[in-house]
Amino acid sequence: LSGLKGLVGAKSLTEEDIKPALNKMRDHLIAKNVAAEIAERLCESVSTRLQGKVLGTFNTVASTVKNALNDSCVQLLSHKRRVDILRDCLEARQQKRPYVVTFCGVNGVGKSTNLAKVAFWLIENGFRVLIAACDTFRAGAVEQLRTHCRKLNALHPSDTHNGQKMVELYEKGYGRDAAGIAMEAVNYARDVRMDVVLVDTAGRMQDNEPLMRALAKLIKVNQPDLVLFVGEALVGNEAVDQLTKFNQALADHSNMETPRLIDGILLTKFDTIDDQVGAAISMTYTTGQPIVFVGTGQTYTDLKNLNAKAVVQSLLRG
Amino acid sequence: MVLADLGRKITTALRSLSSATVINEEVLNSLLKEICTALLEADVNIKLVKKLRENVKSVIDFDEMAAGLNKRRMIQSAVFKELVKLIDPGVKAWQPTKGKNNIIMFVGLQGSGKTTTCTKLAYYYQKKGWKTCLICADTYRAGAFDQLKQNAIKARIPYYGSLHETDPVVIAQDGVEKFKKEGFQIIIVDTSGRHKQEDSLFEEMLQVANVVSPDNIVYVMDASIGQACEAQAMAFKEKVDVASVIITKLDSHAKGGGALSAVAATKSPIIFIGTGEHIDDFEPFKVQPFVSKLLGMGDIEGLIDK
Ligand SMILES: Nc1nc2c(ncn2[C@@H]2O[C@H](COP(=O)(O)OP(=O)(O)OP(=O)(O)O)[C@@H](O)[C@H]2O)c(=O)[nH]1
Ligand SMILES: Nc1nc2c(ncn2[C@@H]2O[C@H](COP(=O)(O)OP(=O)(O)OP(=O)(O)O)[C@@H](O)[C@H]2O)c(=O)[nH]1
Ligand SMILES: [Mg+2]
Ligand SMILES: [Mg+2]
């Protein structure tokens, strides 16, 4: 952004003063993989906020714009309701019921893998986990989860946990109705006193109406404690459409006054994008929901919390 | 239709040329702005978009242009040319040869659709009468072999893989050897998902490529990918000799523009597109008809040649 150091005197900023710097900033955000529409809206709000302000003596328009954008983005990513899963799991345990999380999203984004990472994290925190294999469509989906259960149990053998098996798979093979299997799994978990049920679902495109309807049904009949939308950091402008339509489908097909919508986002493949971190902005901007976890690799420990400041630093760098 | 939204926006922008009374720099700038916005919203790489804008502008020089020239037509044709350039690397698509074994290796980012598309491609050739088979050289992802096996069994395609061997290089080599001996004509090797940031995964890809000596390396791209596409596609191309691109998940709302930068980065043509999870949700891809469909125009070639 050098070359933008056009100094403005001590007069207050007009839209025209800000425009060139803001245009560059918008292109910069797009290059960092923020959805075009959202980059535009972010810049507009910065422009509105800066108009009429007087520039500090040593500040250029460019640096003023950058600072304002920095603040907007940090706020966007951090000023959010906190999702405290561990606390909520404990509370559910006291109520003698399992805490239920549903993972949903489009195809191949990392739902099942990151579900396994969340399972690992919960086990490490002393919770017993039931994984519900509700992707009854994609080839190998059940075996994928079975493999994860075996590996997780090997990492946390029952003899180190008072003889208790820390993770189990609830599966009914392929072809059956996902909502029904989820319900059976929750009932089973309640009966055998498992603490958490993690519900894996099949990937689906947001425009595929029958599949979206089926997901809405699963969520409606099971009323999970947490609906996590899994999205990959690689996604471009499509992020906006995915989240909007998942929420819309959950609302439209629920026939309820206050339908269950997406409660939070799990942002995957963060290790594959260098500093093109824009999807984090697009997704939070679109839903107003927090990024609960960030997936940073393919092993169980590659699950992190979002560091808003660091992400915004990457976003504005270069 | 695939990329329909983008096509509509571009044609609308071009149509505005006909309604303008004079064609001057201002008109051109606003046209280019509209087209570039549409491309960016479709995830086309921002550097490619900037280049497109510059290239069109460099063709149309209002000061030098003779008065009688048809500026509308020149602008339209310059835009068309640039759009075709985005999608068409100018390289002929690879075709299998009869009477020998053709080895095709699939590579790409995690979850892009390799395993699913492997079976689709095998099925496509099988229906055309080729003797085809599948090899699972992914020992990394949980359930990878089960996935390929279940797909292959359903499509009645012979397959090879191992639940015990942990080295994908060994599996790939053994599988190819076995199927060559058995006279298979199209041998498709599926590999793990990987990304440029992890050297060991890229090294493994190179080793698999070295032992199977593929005739065609296919880079599989997800249509919803954004600006990170270029760097990843470029890195794959630098490591192994990518020769073709397949874009998957075009049944989504995704405009697929991000994946197009894989064409530019790998200088390889798109040979097929995936349009669903089922085995026959798969179509061969041809550049010219695609662009004309995209822009709702019948005679692009005619336009471009003038
Ligand atoms: N590099 C990287 N790869 C990841 C990450 N999370 C998941 N993956 C990989 O992405 C691929 C797809 O992951 P899955 O968990 O099968 O995705 P899914 O969303 O369940 O896929 P479907 O059920 O088929 O829709 C696998 O190869 C994972 O190892 C991540 O954070 N980083
Ligand atoms: N809707 C749709 N889904 C697709 C398409 N192609 C693949 N998929 C889905 O995308 C997900 C990931 O596909 P895979 O074939 O497992 O991807 P992969 O590249 O082999 O994944 P890794 O081996 O983990 O890297 C699965 O849910 C597939 O069913 C497509 O064209 N359309
Ligand atoms: Mg899955
Ligand atoms: Mg695979």
Side-chain angles (χ1 to χ4, degrees), chain A residues 26-28 30-37 39-40 106-113 116 137-151 174 202-208 211 231-239 241-242 245 268-269 271-274 276 278-279 282 297-298, chain B residues 36-47 49-50 109-116 119 140-154 192-198 201 222-232 248-249 251-259 276-277:
Chain A
R26 194 198 49 227
D27 281 1
H28 176 85
I30 291 174
K32 289 294 179 93
N33 201 35
V34 177
E37 173 196 343
E40 186 70 49
V106 302
N107 303 88
V109 290
K111 294 174 292 298
S112 310
T113 308
F137 174 73
R138 209 211 67 218
V142 176
E143 289 77 8
Q144 182 180 13
L145 293 176
R146 189 178 296 136
T147 305
H148 281 303
C149 280
R150 198 186 60 235
K151 286 186 181 167
Y174 293 93
R204 66 201 76 217
M205 290 301 165
Q206 68 271 24
D207 283 318
N208 189 324
L211 295 183
E232 59 177 21
L234 288 161
V235 69
N237 283 269
E238 184 78 345
D241 197 64
Q242 285 178 6
K245 293 210 177 118
T268 65
K269 307 187 192 175
D271 51 325
T272 69
I273 48 147
D274 294 331
Q276 289 175 304
S282 305
Q298 305 190 81
Chain B
C36 291
T37 306
L39 290 169
L40 288 176
E41 282 171 354
D43 289 313
V44 177
N45 187 280
I46 191 162
K47 282 181 253 168
V49 174
K50 283 184 173 158
L109 288 166
Q110 290 91 348
S112 58
K114 295 174 294 300
T115 306
T116 309
T119 326
Y140 194 79
R141 164 154 164 196
F145 184 37
D146 290 296
Q147 183 185 6
L148 182 132
K149 191 161 124 187
Q150 289 171 16
N151 280 336
I153 289 172
K154 218 163 145 193
S192 308
R194 61 195 85 239
H195 54 297
K196 73 179 176 75
Q197 288 82 357
E198 205 151 326
L201 296 180
D222 179 326
S224 74
I225 194 166
Q227 298 288 329
C229 175
E230 191 206 15
Q232 291 291 352
T248 63
K249 309 185 198 176
D251 50 320
S252 75
H253 170 267
K255 301 174 186 81
E277 295 192 72

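Keep in mind it's a predicted model, so treat the numbers as computed, not measured.
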**Message:** Less than 4.5 Å to any heavy atom of chain B: does that hold for the side chain of A:E40, its backbone, both, or neither?
**Reply:** neither
**Prompt:** B:K50 versus chain A, heavy atoms under 4.5 Å apart: side chain, backbone, both or neither?
**Reply:** side chain
**Request:** Determine the minimum heavy-atom distance between A:N33 and B:G226, stating which atoms define it.
**Result:** OD1-CA, 3.4 Å
**Request:** Write down the atom of B:E277, the atom of A:L211, and the distance for their closest heavy-atom approach.
**Result:** OE2-CD1, 4.5 Å
**Prompt:** Quick one: what part of B:L148 sits under 4.5 Å from any heavy atom of chain A, side chain, backbone, both or neither?
**Reply:** neither
**Fill in**
Heavy atoms of A:A36 and B:E41 approach each other most closely as CB-CG, 3.7 Å
**Prompt:** Is there a donor-acceptor contact under 3.5 Å linking the side chains of B:E198 and A:Q298?
**Reply:** no
**Donor-acceptor pair, side chain of B:Q150 and main chain of A:G140, under 3.5 angstrom** = yes
**Message:** Given heavy-atom pairs under 4.5 angstrom as the criterion, report whether the side chain, backbone, both or neither of B:Q110 touches chain A.
**Reply:** both
**Request:** Write down the atom of A:A31, the atom of B:Q227, and the distance for their closest heavy-atom approach.
**Result:** O-CB, 3.7 Å
**Prompt:** Heavy-atom distance under 4.5 Å to chain A: side chain of B:N45, backbone, both or neither?
**Reply:** neither
**Fill in**
Heavy atoms of A:G236 and B:D43 approach each other most closely as CA-OD1, 3.3 Å
**Prompt:** Looking at A:D241, A:N208, A:V142, A:I273, which makes the most heavy-atom pairs under 4.5 Å with chain B?
**Reply:** A:D241
**Message:** If I take atom CG from residue B:L40 and atom CG from residue A:D27, how far apart are they, to the nearest 0.5 angstrom?
**Reply:** 7.0 Å
**Request:** Report yes or no: do B:D146 and A:Q144 form a side-chain donor-acceptor pair below 3.5 Å?
**Result:** no
**Message:** For A:A35, which atoms come within 4.5 Å of any heavy atom of chain B: side chain, backbone, both, or neither?
**Reply:** neither
**Message:** Does any backbone or side-chain atom of B:K196 lie under 4.5 Å from a heavy atom of chain A? Answer side chain, backbone, both or neither.
**Reply:** side chain
**Item:** B:L201 versus chain A, the contacting section by heavy-atom distance below 4.5 Å
**Value:** side chain
**Request:** Measure A:D207 against the heavy atoms of chain B and call it side chain, backbone, both or neither at under 4.5 Å.
**Result:** side chain
**Under 3.5 Å donor-acceptor, B:Q232 side chain and A:T272 backbone** = yes
**Message:** Within this structure, what is the NE2-CD1 distance for the pair A:H28 and B:I46, rounded to the nearest 0.5 Å?
**Reply:** 10.0 Å
**Item:** Nearest atoms (heavy-atom pairs only) where A:E232 meets B:S224
**Value:** OE2-OG, 4.3 Å
**Request:** Look up atom CG in B:N151 and atom CZ in A:R138, then write down how far apart they are to the nearest 0.5 Å.
**Result:** 9.0 Å
**Asked** Using a cut-off of under 4.5 Å for heavy-atom pairs, which of A:H148, A:K269, A:E143, A:K151 has the most such pairs with chain B?
**Response** A:E143
**Request:** Verify side-chain contact (heavy atoms from CB on, under 4.5 Å) between A:L234 and B:L109, making sure each step is shown before the conclusion.
**Result:** CA-CA 10 Å; A:L234 288 161; B:L109 288 166; 4.0 Å; yes
